[in-house]
Amino acid sequence: MSITEHELQIKLEGIEDPDIGEDIVSLGLVNDVRIEDETARIDLAFNAPYAPSEMKLGNRIREVCDEAGLQADLRAHVGEEHGFDDEVLPRVRNVIAVASGKGGVGKTTVAANIASGLEKRGAMVGLLDADIHGPNIPRILPVESEPGVTPNEDIVPPRSDGVRVISMGMMTEQEDDPAILRGPMVNKFMLKFLEGVEWGRLDYLIVDLPPGTGDATLNLLQSMPVTGAVVVTTPQEMALDDTRKGIQMFNKHDTPVLGVVENMSSFICPSCGDQHGLFGTEGAKTIVDKYDVPLLGQIPIHPDFGAEGSEGAIVKDDESEVQETVENLVAEVADRIGETNRRTVADNVEGGPENQLPTELED
């Protein structure tokens with residue numbers, strides 16, 4: 001006798017979310033369960049494509065179905081009923097801000113590698129260079145064509161090795177032309193970049209913010225449903241001071257801080273292999289402990305990462321010694337996005353009968 005939908009749901013209650021520590025049914029992560037022709041069609045409230053933790057959960061669900069003699073057909077869906085904005089950028093699943101308290105910490109290089117790393121994992125990714133006065137993304141990710149324009153004058157972003165990219169650096173006639181713009185004009189360009197770009201369907205939109213806590217960052221937080229922020233710092237105390245201010249800004253705007261990336265964390269001597277903390281040691285740890293945010297990764301000083309004149313993302317360079325470190329960072333970011341989204345689902349499902357499984361599964 002084949003298993004019933006209710007019995008399968010009970011089996012799914014045995015699968016625990018590794019980050020939250022509760023079962024996926026209680027958390028509201030199972031939208032629907034249907035069994036047809038020996039196939040279990042399960043709709044999940046997952047929203048972080050290619051995140052390692054959600055892929056592991058998917059594999060565990062497939063194992064449960066296989067043990068029950070069923071083929072698994074897993075689908076993902078989240079919407080307004082789960083606490084997600086369906087009106088602003090409805091075709092973009094996640095908006096990830098990459099920020100820093102001050103310039104010169106490698107924020108743009110980190111943003112470009114997160115975008116390329118997520119694309120490498122299989123996701124559809126866009127990268128918005130929101131640093132109007134210092135647009136450096138095109139240097140790291142050279143685009144394959146000029147931006148296009150739709151009939152209603154939206155910008156169509158060109159691609160760089162699979163990543164859709166838009167930057168102020170594409171809008172100037174010469175590469176070295178400065179963007180001499182006062183505040184109102186900066187806001188005008190930011191509004192166009194936020195609302196007037198035809199991204200298509202994206203799993204992740206990475207936004208490389210200018211350093212500090214100025215207008216561009218506030219415009220983003222007020223105009224877009226930001227899934228979370230990645231804050232980049234270096235170990236120096238001056239950089240850490242500004243990083244604390246950045247974290248406080250995101251907290252005041254109820255934007256989850258996914259974690260901190262410590263760039264230039266150490267120097268590894270190429271001759272002897274010894275590790276040296278040229279800018280101090282355990283600097284980011286003080287922030288992680290104080291604000292209870294994850295340390296997403298520590299990237300050592302290396303010519304491959306952020307060296308002058310380098311082109312292309314190191315995360316896709318199989319010859320680079322720091323590729324694995326950056327790949328681990330990307331995986332960690334994806335997992336934190338997934339955890340943040342699943343917590344959002346759980347918070348919105350509690351007490352909401354319209355979000356529960358069909359009544360026939362609750363008999």
Side-chain angles (χ1 to χ4, degrees), residues 5 9 12 15 17 19-20 22-34 41-51 53-55 57-58 61 73-97 118 123-126 128 152 154 164 191 193-207 217-230 250-258 333-362:
E5 292 168 352
Q9 180 202 346
L12 293 177
I15 300 176
D17 185 300
D19 299 311
I20 303 178
E22 297 180 36
D23 75 86
I24 61 174
V25 175
S26 299
L27 290 171
L29 299 175
V30 181
N31 294 326
D32 192 20
V33 175
R34 290 286 183 271
R41 292 181 171 82
I42 303 175
D43 186 0
L44 301 166
F46 286 1
N47 199 42
Y50 302 97
S53 59
E54 293 197 354
M55 293 176 74
L57 280 171
I61 293 169
D73 179 7
L74 307 185
R75 304 179 187 191
H77 167 75
V78 294
E80 187 178 358
E81 69 273 19
H82 300 102
F84 295 89
D85 190 321
D86 278 345
E87 295 184 3
V88 181
L89 295 177
R91 302 181 69 194
V92 177
R93 288 190 170 197
N94 299 282
V95 178
I96 312 303
L118 289 169
M124 300 180 72
V125 184
L128 169 58
N152 61 351
D154 283 346
R164 302 169 199 181
L191 189 63
F193 282 171
L194 294 177
E195 299 179 355
V197 177
E198 179 52 62
W199 292 105
R201 185 171 68 83
L202 293 181
D203 297 316
Y204 302 95
L205 174 60
I206 312 300
V207 183
T217 300
L218 294 177
N219 283 340
L220 174 73
L221 296 179
Q222 293 167 359
S223 304
M224 280 187 174
V226 180
T227 306
V230 173
F250 287 118
N251 287 340
K252 288 179 179 179
H253 283 82
D254 297 323
T255 300
V257 176
L258 302 173
V333 170
D335 274 347
R336 296 289 69 76
I337 295 169
E339 178 186 352
T340 298
N341 285 334
R342 297 196 302 279
R343 289 187 184 277
T344 297
V345 171
D347 290 344
N348 281 272
V349 164
E350 289 182 5
E354 71 277 9
N355 295 328
Q356 303 300 320
L357 286 169
T359 53
E360 63 265 25
L361 296 183
E362 299 173 349

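Since the model is a prediction, treat every value here as computed from it, not as a measurement. For the numbers below, each heavy atom of this structure counts, side chains included, while hydrogens, waters and symmetry mates do not.
Under the rule for a salt bridge (charged side-chain N to carboxylate O under 4.0 Å, His left out), the partners of Asp73 that lie at least two apart in sequence or sit in another chain are Arg41, Arg75. Applying the salt bridge (charged side-chain N to carboxylate O under 4.0 Å, His left out) rule to Arg336 yields the partners Asp19, Glu332, Glu339; only residues at least two apart in sequence or on another chain are considered. Considering only residues two or more places apart in sequence or on other chains, Thr344 meets the side chain to side chain donor-acceptor pair (under 3.5 Å) condition with none of them. The side chain to side chain contact (heavy atoms under 4.5 Å, CB included) search around Asp335 returns Ala51, Pro52, Ser53, not counting sequence neighbours. Legend: residues meeting salt bridge (charged side-chain N to carboxylate O under 4.0 Å, His left out) with Glu195, ordered by chain and number and at least two apart, are absent. Judged as a side chain to side chain contact (heavy atoms under 4.5 Å, CB included), and not counting sequence neighbours, Asp254 has no contacts. With sequence neighbours left out, the side chain to side chain contact (heavy atoms under 4.5 Å, CB included) criterion links Asn251 to Ile247, Gln248, Val257, Tyr291. Every side chain to side chain contact (heavy atoms under 4.5 Å, CB included) that Met224 has, sequence neighbours left out, goes to Leu89, Val95, Leu194, Leu205, Leu220, Val226. Under the side chain to side chain donor-acceptor pair (under 3.5 Å) criterion, Asp17 pairs with Arg342, sequence neighbours left out. Applying the side chain to side chain donor-acceptor pair (under 3.5 Å) criterion to His77, with sequence neighbours excluded, gives Glu81.
Between Ala334 and Ala48, the shortest heavy-atom distance links the atoms O-CB, 4.0 Å. For the residue pair Leu202 and Val125, the shortest heavy atom distance occurs at CD2-C, 3.6 Å. Across all non-hydrogen atoms, the minimal contact from Thr340 to Pro256 is CG2-CG, 3.8 Å. Across all their heavy atoms, Arg164 and Met124 have their closest contact at NH2-CE, 3.0 Å. In terms of heavy-atom proximity, Glu54 sits nearest to Gly338 at OE2-CA, 3.5 Å.
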Evaluate the criterion side-chain contact (heavy atoms from CB on, under 4.5 Å) for residue pair Leu27 and Ile20; output intermediate values, then yes/no.
CA-CA 9 Å; Leu27 290 171; Ile20 303 178; 3.9 Å; yes
Yes or no on side-chain contact (heavy atoms from CB on, under 4.5 Å) for Leu128 and Trp199, after CA distance, side-chain angles and deciding distance?
CA-CA 10 Å; Leu128 169 58; Trp199 292 105; 4.0 Å; yes
Applying side-chain contact (heavy atoms from CB on, under 4.5 Å) to Tyr204 and Ile337, what does each step give before you reach the verdict?
CA-CA 10 Å; Tyr204 302 95; Ile337 295 169; 3.7 Å; yes
Test side-chain contact (heavy atoms from CB on, under 4.5 Å) on Ile206 and Leu118 and set out the steps.
CA-CA 10 Å; Ile206 312 300; Leu118 289 169; 4.0 Å; yes
Any chance you could lay out the salt bridge (charged side-chain N to carboxylate O under 4.0 Å, His left out) test for Arg91 and Glu198, step after step, and finish with the verdict?
CA-CA 10 Å; Arg91 302 181 69 194; Glu198 179 52 62; 3.8 Å; yes
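Judged by distance alone, with hydrogens and angles left aside, the side-chain atoms of Asp43 form no donor-acceptor pair with the main-chain N or O of Asn31 at under 3.5 Å. Asn94 places a side-chain N or O within donor-acceptor distance of the main-chain N or O of Asp203, the cut-off being under 3.5 Å. Looking only at distances, a side-chain donor or acceptor of Asn47 sits under 3.5 Å from a matching main-chain atom of Arg93.
Residues Val345 and Phe46 fail the side-chain proximity criterion, which asks for heavy atoms closer than 4.5 Å. Side-chain contact between Ile96 and Leu258 is present, with heavy atoms from C-beta onward closer than 4.5 Å. Side-chain contact check for Leu12 versus Ile42: some heavy-atom pair is nearer than 4.5 Å.
Summarising the local packing, CD of Glu87 is surrounded by 12 or fewer heavy atoms from other residues, nucleotides or ligands at distances under 6.0 Å.
The distance from atom CG of Leu74 to atom CG of Leu44, rounded to the nearest 0.5 Å, is 5.5 Å.
Looking at Glu22 and Arg343, no side-chain N of the basic residue comes within less than 4.0 Å of a carboxylate O on the acidic one, giving no salt bridge.
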